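From a predicted model like this one, the values you see are computed outputs, not experimental measurements. Numbering starts at 1 and runs along the sequence shown. Read the numbers this way: they start at 1 and go in the same order the structure lists the ligands and their atoms.
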Amino acid sequence: MMFQNWQDLETACLSCQKCGLCQGRRQVVFGVGNPRAQVMFVGEGPGENEDLQGEPFVGRGGQLLDKYLAAVDLDRRTNVYIANIVKCRPPQNRDPLPEEQEACIPWLRNQFALLRPQIIVCLGRVAAMRLMKPDIKITKEHGIFVKKNGVLMMATLHPAALLRNPGQKPAALEDFLKLREKIDELGCDVAKLQNMG
Ligand code: URA
């Protein structure tokens, strides 16, 4: 079933029971940002902080992500949209299982269909493998734009990986600078619109 507006989609998603992750969740983490954004970020799945607060990327990794966004004049609430491959927290923060991803991805596809983003940035390996190509080597292929189904896609290093491995931070910043160049080249609308919900 495809929902034709954001509110109906979110309402349905918040009561989802399509996979076992619903049993352990405190909150469904639908996404954050401007539903008119032309630039979308996709992570892997909620961690503990996200499960508690109901918003993607709100832990230490999220604070780092906000810094990279700010460095290129982007902002999670006004001019981008951020979601995850799975909307409920996997136990012990393990990778979401293939069947959990399969059960959840229609929500993300419906988000794509309504947003119609010009650019999708995959945050980390799990999102890049699922959305770009199953054998992507993110350490080699981050920062490279590829067109898929008419949408430009790029993978970058996951903020949590950068926390573990700070030596990769300059490479991540370069990815965000490339993103900004692409936004300007395509003329994406990244005005700091009021979030109209
Ligand atoms: N990691 C993710 O991939 N997504 C979140 O929302 C938080 C941490």
Do Asn34 and Asn79 come within less than 4.5 Å of each other through their side chains, counting heavy atoms only?
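The answer is no, as the side chains (C-beta and beyond) never meet within the 4.5 Å cut-off.
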
Side chains of Arg26 and Glu48: closer than 4.5 Å at any heavy-atom pair?
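Yes; the side chains approach each other to less than 4.5 Å.
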
Looking at Lys148 and Met132, would you say the former's side chain and the latter's main chain have a donor-acceptor pair under 3.5 Å?
yes

salt_bridge(Lys178, Glu181) N-O dist < 4.0 Å
no

Which protein residues come within less than 4.0 angstrom of ligand 1, counting heavy atoms only?
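Residue list for ligand 1: Gly43, Glu44, Gly45, Glu50, Pro56, Phe57, Asn84, His158.
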
Identified side-chain contact (heavy atoms from CB on, under 4.5 Å) counterpart of Val151 within the set Ile120, Leu131, Val146, Ile119
Ile120

Partner of Arg130 under salt bridge (charged side-chain N to carboxylate O under 4.0 Å, His left out), chosen from Glu100, Glu44, Glu102:
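Per the salt bridge (charged side-chain N to carboxylate O under 4.0 Å, His left out) rule, the option paired with Arg130 is Glu102, out of Glu100, Glu44, Glu102.
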
